[in-house]
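Report on the structure given below.
Along the sequence shown, the residues carry numbers beginning at 1. Values below: all heavy atoms of this structure, side chains included; hydrogens, waters and symmetry mates excluded.
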Amino acid sequence: MDKPGVEVTSPEMWGLSPSMFHKDWKTFLVHFHNFAALPTTKGRSIESPIFTCNDQKWSLSLYPGGDDFDYSNDIALLFSEACCFAGDDV
């Protein structure tokens, strides 16, 4: 089984036309590969690579088993500014 991976790409890389999206929006696709193999332990996340939009660094955290604050069996997705991640130049 392939190791799960994450990539951030532009819509054009997936054959999608920019005209499909609002003209004032910046659009990124975040693909969590091999989703079925992702860990479902509550509170365990898979992080996207850091990407830049409007001169700000961003990251997505996917919790396939839900985050520590979620009391259901749903996945959780956290979108956050990545200004304070270890190893980043701030």
Side-chain angles (χ1 to χ4, degrees):
M1 184 176 298
D2 292 332
K3 178 183 176 190
V6 184
E7 67 180 319
V8 179
T9 61
S10 68
E12 294 86 358
M13 290 187 71
W14 290 87
L16 302 173
S17 170
S19 64
M20 295 175 65
F21 305 97
H22 191 280
K23 67 181 179 77
D24 293 329
W25 293 355
K26 292 191 178 179
T27 306
F28 298 88
L29 299 176
V30 180
H31 188 146
F32 292 87
H33 295 277
N34 204 6
F35 188 84
L38 295 177
T40 56
T41 304
K42 187 177 215 45
R44 185 161 174 208
S45 68
I46 304 296
E47 309 295 324
S48 77
I50 293 173
F51 56 97
T52 302
C53 181
N54 293 338
D55 296 323
Q56 297 293 320
K57 292 181 180 182
W58 301 95
S59 178
L60 285 175
S61 300
L62 174 68
Y63 295 80
D67 64 17
D68 290 331
F69 305 105
D70 181 21
Y71 298 103
S72 67
N73 291 324
D74 297 333
I75 68 169
L77 185 64
L78 175 66
F79 180 70
S80 58
E81 189 173 3
C83 68
C84 303
F85 285 104
D88 275 359
D89 295 326
V90 179

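- Here CD of E81 is found 5.0 Å from CH2 of W58. Values are rounded to the nearest 0.5 Å.
- Once rounded to the nearest 0.5 Å, the distance linking CD of Q56 with CD1 of I50 reads 12.5 Å.
- In terms of the ring pair (Phe, Tyr, Trp, His ring centres under 6.0 Å) criterion, F32 has no residue partners (sequence neighbours excluded).
- Taking 4.5 Å as the limit, every side-chain heavy atom of Y63 sits out of range of all side-chain heavy atoms of R44.
- Interatomic distance, OG of S61 versus CZ of F79, reported as 11.0 Å (0.5 Å rounding).
- Side-chain atoms of L38 and L62, non-hydrogen and from C-beta on, do get closer than 4.5 Å to each other.
- Counting heavy atoms from C-beta on, the side chains of C53 and F28 come closer than 4.5 Å.
- At distances below 3.5 Å, not a single donor-acceptor pair connects side-chain atoms of T40 with backbone N or O atoms of G65.
- Under the rule for a side chain to side chain donor-acceptor pair (under 3.5 Å), the partners of S45 that lie at least two apart in sequence or sit in another chain are E47.
- For D55, there are no side chain to side chain donor-acceptor pair (under 3.5 Å) partners at least two apart in sequence or on another chain.
- In this structure, CG in N34 is found 11.0 Å from CD1 in I46, a value given to the nearest 0.5 Å.
- Note that CG of L77 is 10.5 Å distant from CG of D67, once rounded to the nearest 0.5 Å.
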